[in-house]
Amino acid sequence: GIVATLMNKPEAEVSSEERRLGKAINFGNLYGSGAKTFRTQARTGYKVNISLEEAEAFKRGFDDTYSKLRWWQIENERKCSQSGRLRTVGGREVSCPDPTKIYTTSRNYAIQGGAADLQMYAICLVHKALTGLPAHIVNFVHDELVVEAREDVVDQVKKVLEKEMLCAFLQLFKS
């Protein structure tokens with residue numbers, strides 16, 4: 001994980017507090033928070049206290065480790081600034097007419113919209129693959145599908161879910 005990488009220690013030696021810090025680092029940097037916001041979120045959302053200097057160092061380390069993510073964020077912001085629009089990985093578009101919201105929109109919409117695109121695509125693939133089986137999608141929550149299936153096909157349905165959800169991800173997020 002990122003904490004093991006940034007702290008230069010084996011994954012097995014990362015404490016539960018450090019894992020919580022890792023979540024704060026991942027989400028904070030993914031959504032573009034600065035060092036001050038990251039420090040506050042680590043404290044309030046994850047019960048981890050760090051100094052502003054530590055927050056800045058973790059942020060730099062994350063950006064250095066995941067430079068392609070940082071490039072993607074900057075590129076999305078640039079495109080959104082130029083065109084006033086942003087497109088998700090699935091092709092849905094949002095308007096960004098307010099220049100004061102471009103920084104946030106270019107990160108949040110791309111991430112949340114991409115996750116929604118993935119979920120909808122996975123639902124389509126799973127639904128099609130379940131045709132003919134005594135199993136049906138009954139709900140979805142965030143990144144999970146809830147399927148009711150007859151007991152004798154549970155293992156088969158589990159394999160369908162794993163295969164089709166992975167397939168959806170790989171098809172939508174081609175490198």
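Count residues from 1 along the sequence. Keep in mind it's a predicted model, so treat the numbers as computed, not measured.
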State, with a plain yes or no, whether a side-chain heavy atom of [X] is found less than 4.5 Å away from one of [Y].
X: V3; Y: R19; answer: no
X: E148; Y: H136; answer: no
X: F58; Y: N29; answer: no

_Quick check on D98: does its CG atom have over 12 non-hydrogen neighbours (other residues, nucleotides or ligands) under 6.0 Å away?_
yes
*K159 atom NZ: more than 12 heavy-atom contacts under 6.0 Å*: no
Interatomic distance, [X] atom [atom1] to [Y] atom [atom2] [nearest 0.5 angstrom]:
X: F27; Y: I111; atom1: CZ; atom2: CD1; result: 10.0 Å
X: E54; Y: N49; atom1: CD; atom2: CG; result: 9.5 Å
X: S15; Y: M7; atom1: OG; atom2: CE; result: 7.0 Å
X: L166; Y: L161; atom1: CG; atom2: CG; result: 12.0 Å
X: L86; Y: R107; atom1: CG; atom2: CZ; result: 11.0 Å

*asked:* Restricting to ring-ring contact (aromatic ring centres under 6.0 Å, His included), what partner residues turn up for F62, sequence neighbours left out?
replied: Y66
Please report, to 0.1 Å, the donor-acceptor pairs under 3.5 Å made by any side chain of residues 117-126, with sequence neighbours excluded.
{"unit_1": "D117", "atom_1": "OD1", "unit_2": "R92", "atom_2": "NE", "d": "2.5"}
{"unit_1": "D117", "atom_1": "OD1", "unit_2": "R92", "atom_2": "NH2", "d": "2.9"}
{"unit_1": "D117", "atom_1": "OD2", "unit_2": "T88", "atom_2": "OG1", "d": "2.4"}
{"unit_1": "D117", "atom_1": "OD2", "unit_2": "G90", "atom_2": "N", "d": "2.7"}
{"unit_1": "Q119", "atom_1": "NE2", "unit_2": "E144", "atom_2": "O", "d": "3.4"}
{"unit_1": "Y121", "atom_1": "OH", "unit_2": "Q171", "atom_2": "OE1", "d": "2.2"}

*asked:* Checking the side chain of R70 only, and the main-chain atoms of D64 only, is there a donor and an acceptor separated by less than 3.5 Å?
replied: no
*For Y31, the option from Q73, Q41, Q112 that meets side chain to side chain donor-acceptor pair (under 3.5 Å)*: Q112
